[in-house]
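As structure tokens, the structure follows; a few thoughts come after it.
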Amino acid sequence: MKDFSIEKYFVVGPENTGGRPVLPIIRAAVEAGFTFLQIRSKTASARELIVLLEDTSRLLREMGKSDSVALVADDRLDVVLAARERGAKVDGIHVGQSDIYPEICRKYLGDDAIVGLSAPTGDLVHYIEKGDFSQIDYFGAGPLHPTDTKRDCGLDAEGNLIVRTLDELTHLAEISPLRVTVGGGVKAEDLEALAATGIHGFFVVSAVAGADDPGAAARELVEIWDHAR
Ligand SMILES: Cc1ncc(COP(=O)(O)OP(=O)(O)O)c(N)n1
Ligand SMILES: Cc1ncsc1CCOP(=O)(O)O
Ligand SMILES: [Mg+2]
């Protein structure tokens, strides 16, 4: 699936929904207009993740969104392969700097798969200029703000939290050979300024999964983003 949009990107797992079932929240995000889904859990078993990918893939099919909303898993190449083996349409994987190498993900998932990579903390300009990103389809960058969802996000070697400034993101959008989605503490009130940086999309966990009314929250995010772009 090479024709995909990272504009409105929802990341979710069972630990993010306040004890509520995940699937209705995914449905609400897709109905609101989110364009990309990532299943991410640091607590679920491999089986739980496989079933969640299967259920999400089925949901997208029932909604007629299999070809327009991308579905990937965080970190777990094994889980993606197993879900595909069982018939789920899982479009790819998102990996970080200490995860399975993107080129190995590409090898096992195929040329048509989506392979996303988290940009490292620190000097992105140097990283972008020197890197070989031929096996990758997009970058995830952040955090914009500190976030409880991922407490290790943005920590440098000394354990200091580095957030991305809007100026930095504007520069990143200019020099990046790939599309960039920005997340980490992103809320509705950030979207206008984020869109103005020229980055291609935003990703959220808690702004939707932690909301009292995930559907209303997702609709608000989509509306503000679409209006600002
Ligand atoms: C879209 C997106 N961007 C960044 C991340 C973070 O990935 P990673 O650095 O591997 O950290 P974990 O999510 O695995 O804790 C992401 N998942 N998605
Ligand atoms: C930066 C980051 N990367 C993967 S999850 C995450 C935190 C985003 O969580 P939230 O949208 O709840 O702040
Ligand atoms: Mg990871």
Side-chain angles (χ1 to χ4, degrees), residues 4-18 20 22 25-26 29 34-44 46 49 52-53 69-80 90-102 104-105 114-122 124 127 133 136-156 161-164 168-169 172 176 178-191 194 199-212 214 217-218 220-222 224-225:
F4 63 93
S5 165
I6 57 165
E7 261 197 78
K8 293 157 273 189
Y9 189 136
F10 182 41
V11 180
V12 70
E15 64 265 48
N16 307 128
T17 59
R20 297 171 293 185
V22 182
I25 295 180
I26 291 176
F34 272 73
T35 57
F36 203 110
L37 297 172
Q38 179 190 130
I39 301 300
R40 172 184 182 271
S41 177
K42 303 296 175 180
T43 59
L49 286 169
L52 186 51
L53 283 170
V69 175
L71 172 62
V72 304
D74 182 54
D75 291 349
R76 299 290 300 266
L77 180 59
D78 57 341
V79 162
V80 175
V90 184
D91 300 299
I93 192 162
H94 184 96
V95 287
Q97 295 289 320
S98 50
D99 297 321
I100 298 173
Y101 298 99
I104 295 177
C105 296
I114 301 171
V115 179
L117 177 68
S118 306
T121 305
L124 286 184
Y127 178 73
F133 305 116
I136 302 160
D137 296 294
Y138 73 88
F139 288 121
L144 188 65
H145 304 295
T147 172
D148 285 342
T149 310
K150 181 169 164 57
R151 291 180 182 217
D152 62 345
C153 186
L155 296 184
D156 69 10
L161 181 74
I162 314 285
V163 294
R164 299 289 175 198
E168 219 180 335
L169 294 174
L172 180 61
S176 176
L178 298 172
R179 288 175 286 173
V180 183
T181 178
V182 173
V186 170
K187 303 286 180 235
E189 57 268 28
D190 295 310
L191 292 187
L194 258 189
I199 57 108
H200 304 81
F202 67 92
F203 70 91
V204 292
V205 179
S206 51
V208 171
D212 289 342
E220 185 189 16
L221 291 162
V222 167
I224 296 173
W225 179 264

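Below, all heavy atoms of this structure are taken into account, side chains as well, without hydrogens, waters or symmetry copies. All ligand and atom numbering here is 1-based and tracks the order in the structure.
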Flag yes if more than 12 heavy atoms outside D152 fall under 6.0 Å of its CG atom; otherwise flag no.
->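 Enclosed.
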
2.8 Å shell around the Mg ion (ligand 3), exclusive bound, protein N/O/S atoms |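 Protein heteroatoms (N, O, S) closer than 2.8 Å to the Mg ion (ligand 3) number 2.
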
Could you tell me whether the side chains of S118 and Q97 share a donor-acceptor contact shorter than 3.5 Å?
->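 Checked: S118/Q97 side chains show no N/O donor-acceptor pair below 3.5 Å.
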
Closest contact, heavy atoms only, P102 versus V115 |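 Smallest heavy-atom distance, with atoms named: CB-CG1, 4.0 Å.
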
Of the non-hydrogen atoms in V180 and A141, which two are nearest, and what is the gap between them?
->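 Heavy atoms of V180 and A141 come nearest at CG1-CB, 4.0 Å.
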
With F139 via ring-ring contact (aromatic ring centres under 6.0 Å, His included) - residues at least two apart =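 ring-ring contact (aromatic ring centres under 6.0 Å, His included) check on F139 returns F133.
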
Just list the N/O pairs, ligand 1 to protein, that are under 3.5 Å apart, with the distance for each.
unit_1	atom_1	unit_2	atom_2	d
ligand 1	3 (N)	H94	NE2	3.3
ligand 1	7 (O)	S118	OG	2.7
ligand 1	9 (O)	S118	OG	3.2
ligand 1	10 (O)	G96	N	3.2
ligand 1	10 (O)	D99	OD2	2.8
ligand 1	11 (O)	K150	NZ	3.0
ligand 1	13 (O)	R40	NE	2.7
ligand 1	13 (O)	D74	OD1	3.4
ligand 1	13 (O)	D74	OD2	3.4
ligand 1	14 (O)	K42	NZ	2.7
ligand 1	14 (O)	D74	OD1	3.4
ligand 1	14 (O)	D74	OD2	3.0
ligand 1	14 (O)	D75	OD1	3.0
ligand 1	14 (O)	D75	OD2	3.2
ligand 1	15 (O)	R40	NH2	2.9
ligand 1	15 (O)	K42	NZ	3.2
ligand 1	15 (O)	K150	NZ	2.9
ligand 1	17 (N)	Q38	OE1	3.0
ligand 1	17 (N)	D74	OD1	3.2
ligand 1	18 (N)	Q38	NE2	3.0
ligand 1	18 (N)	H94	NE2	3.4

Close side-chain approach of [X] to [Y], heavy-atom, < 4.5 Å:
X    : Y    : result
L52  : P14  : yes
I199 : L194 : yes
E189 : I224 : no

Any donor-acceptor N/O pair, T35 side chain to S5 backbone, under 3.5 Å =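 Between the backbone of S5 and the side chain of T35 there is a qualifying donor-acceptor contact (under 3.5 Å).
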
Could you grab the distance from atom CD1 of I114 to atom CG of L71, nearest 0.5 Å is fine?
->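 It comes to 9.0 Å.
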
Spacing of D99 atom CG and D75 atom CG [to the nearest 0.5 Å] |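 These two atoms lie 4.0 Å from each other.
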
Residue shell around ligand 2, heavy atom under 4.0 angstrom |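 Within the 4.0 Å shell of ligand 2, which is judged on heavy atoms, sit R40, T147, T149, K150, C153, G184, G185, F203, V204, V205, S206.
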
Lys/Arg N to Asp/Glu carboxylate O, R76 vs D74, below 4.0 Å |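 D74 and R76: not salt-bridged.
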
Audit row: F203, Y138, ring pair (Phe, Tyr, Trp, His ring centres under 6.0 Å) steps and yes/no = CA-CA 13 Å; F203 70 91; Y138 73 88; 9.0 Å; no

